[in-house]
Amino acid sequence: MSAPNCLRCLLQLRPSVAVPRYVASRSTAAASAIPIASAWTAPFSTTTARDAKKKDKSGGGTHIRAGKKIKLGKFKKNTTADRGKAPAPGERKAYRKKILLSNNNALPVPGLADLSAEDMLNPKNAATVLSIPDAVVDQLRASEAFKPTQCWGVFRKPSVLLRSETIDLMTRMKGAAKQKQTLRLVVTGDRITGKSMLLLQAMTHAFLNDWIVVNIPEGQELTTACTEYAAIPGSDPVRYMQQNYVLKLIQAIRKANEKVFSKLSTVHSHPELPQHIPVGSPLMQLANSAKEADNAWMIFQALWQELTARGRPPLLFALDGLAHVMKVSDYRSPAFELIHSHDLALVRLFVESLSGAGAFPNGGAILAATSRGNSPRTPTMELALAQREAEQAKDAAADVPQPDPFFRGYDERVQAALRTVQVLKLSGITKLEARVLMEYWAASGILRTTVDETAVSEKWTLGGNGVVGEMERAALLTMRL
Amino acid sequence: MVFILGNNFHELKLVKKALESFYALGPQASARVLAKYSIHPRAKMGSLPPKTITALTAELSSMTIENEARRVVQDNIKRLRDIGTYRGRRHAMGLPVRGQNTRTQIETAKRLNRVDRKG
């Protein structure tokens, strides 16, 4: 049988009832000093004479132990319970994937300048935080350069840290474009070291310099068999188009590059297209003609032909999540064989450009970023990137990794694709860059400590020698709600 | 609603699931049918073009599924019974066929083992 009153409550109750009035009425300090008072407290309680005030106020006896509750009919389901409205199809995903780019609660950072076309080339701008102009933000959003995992939503305005690798990459891009050559580069590095962010910066640079930007935000969307595909009629060997994805891509390209497209007109006639587009008609007209998935691939080919015609602005072709396009895809051919990713036409276009087979006549860059959080195991790609990195290291080419002679899973096509690419390996940021970044966080009102040598060192070390994402976790984690 | 082989399917139903709703068409066969018509495994019925739908109906009507597949099973059982095998007799009696105990737990056998087997 359970007692109606909690024993602890009773123990608390006792002194207040039993202590003589003259003791209780004295000041609390005096009461605790008098041995009589402590003698009245419960023998096994560690809360000696706890809160003399409390005793006076309530007597402490109000708490009644709940005990076992008997609930009748507990097995009957309450069928009438209102569960609320179920989310509409796609609503949860939309919430999961939403990208917030500004937060009015964050403080505006005084003296934060907008990026201009030349800012990313100037070595003096290494280790500075600059914000992305609004027009470019729209373009980046249209080309899906922002990721839901990046925490843009806690700052007032999207801003980026220009690190030394940024300046290096942009200078290389600029140099390549100047000589009408194509920079073919893979950004790799450990987890959350800022690979996708570097791609975003490259796109920002391209938009600021009126390049044409084509971005495939996630390689996996193309190869995990989650979008429509069909064999391209008359192709031998058979290639596959992904109509719906390509339609979406054309619309993204059109929206992101509207400014450049509006100045350009077509130079080829495209007799194969259903819609008649004569030579000299605006490029927007061609891009706008993609309304249905059926002829999207054809229009994309025409658009690509136009974009790579002579006399166009430089082109940036970017892809994130390279490992996914360097493996056998999850699609199956009509003969029930798995299709290699490089047989998917859009992926093929990218891979050919990356391998150097399809260079851009107007110069530009083909950038790919690997991913560590979400990537299938691709031994060939890992090996090829490690080899290229070792070859490009200045000291000696003696330690170029060799393939494992006892492993059969290497992929010839992947090796061929990555034979001549450049590799940019990202690691942690320097302490100076870390300091600048933390000062920006502090100025935005998010990091609420003094940014001094100690604080920077602490976060830099906690973040595995300046891995940006880890630093962010160490410093801003409490803000992620 | 999408109409395949006399059945209506909701537009949001996965094509794979819709195919597997037919008797004697399991994951293996459905994966092959999907590959044959270049339908990706996560496609919904609503996304199929009309041409593919008629092709699917034609494909399914050429396969041994539904009543035809049931008849094959029934014929097998009938054959066993007609030649007087033990398995045939046990089928006719609605009892387990492969030497199981029959004191308890023979509900599945009771339900399924019959000469005109339905499922």
Side-chain angles (χ1 to χ4, degrees), chain A residues 86-94 218-248 274 291-298 324-325 328-341 343-347, chain B residues 1-66 68-69 72 107:
Chain A
E91 198 178 316
R92 284 198 195 102
K93 186 174 182 183
E218 283 291 343
Q220 66 165 340
E221 288 176 15
L222 287 169
T223 58
T224 51
C226 55
T227 179
E228 272 80 357
Y229 72 115
I232 297 175
S235 57
D236 183 41
V238 186
R239 308 276 181 233
Y240 295 86
M241 57 184 175
Q242 287 155 302
Q243 323 85 308
N244 288 28
Y245 188 89
V246 167
L247 177 68
K248 214 181 76 185
K291 293 274 187 335
E292 283 169 15
D294 289 342
N295 48 20
W297 176 246
M298 237 189 286
H324 280 282
V325 301
V328 177
S329 78
D330 296 344
Y331 288 109
R332 287 191 181 270
S333 68
F336 204 61
E337 282 153 356
L338 287 170
I339 299 170
H340 196 283
S341 295
D343 286 334
L344 302 168
L346 184 59
V347 174
Chain B
M1 298 299 261
V2 182
F3 203 64
I4 286 186
L5 205 70
N7 291 52
N8 266 324
F9 295 103
H10 194 265
E11 285 177 0
L12 290 177
K13 196 173 182 72
L14 286 174
V15 181
K16 184 178 151 65
K17 289 285 170 192
L19 291 180
E20 285 171 16
S21 70
F22 294 104
Y23 182 78
L25 207 166
Q28 300 280 327
S30 76
R32 282 179 182 273
V33 172
L34 290 181
K36 185 171 180 185
Y37 293 99
S38 296
I39 303 165
H40 67 280
R42 284 177 236 179
K44 303 271 174 77
M45 291 304 279
S47 70
L48 293 183
K51 203 175 73 183
T52 313
I53 291 167
T54 42
L56 272 183
T57 307
E59 171 77 21
L60 293 186
S61 58
S62 73
M63 292 170 76
T64 315
I65 52 169
E66 291 286 54
E68 274 176 53
V72 169
E107 289 309 308

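Sequence lines set the chain letters: A, B, ... in the order given, protein chains first and strands last, and positions in each chain run from 1. All figures in this text were calculated on a predicted structure; none of them were measured in a lab.
Here the shortest heavy-atom pairing between B/Ala35 and A/Phe336 reads CB-CD1, 3.6 Å.
Heavy-atom neighbours of chain A within the stretch residues 37-47 of chain B, taken at a separation under 4.5 angstrom, comprise B/Ser38, B/Ile39, B/His40, B/Pro41, B/Arg42, B/Ser47.
A/Tyr331 touches chain B through its side chain: at least one heavy atom from C-beta onward sits under 4.5 Å away, while N, CA, C and O do not.
Most heavy-atom pairs under 4.5 Å with chain B, from the set A/Asp330, A/Asp294, A/Thr224, A/Asn244: that is A/Thr224.
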Could you list the donor-acceptor pairs under 3.5 angstrom formed between side-chain atoms of residues 50-57 of chain B and any protein atom two or more places apart in sequence or on another chain?
{"from": "B/Thr54", "atom 1": "OG1", "to": "B/Pro50", "atom 2": "O", "distance (Å)": "3.2"}
{"from": "B/Thr54", "atom 1": "OG1", "to": "B/Lys51", "atom 2": "O", "distance (Å)": "2.7"}
{"from": "B/Thr57", "atom 1": "OG1", "to": "B/Ile53", "atom 2": "O", "distance (Å)": "2.9"}

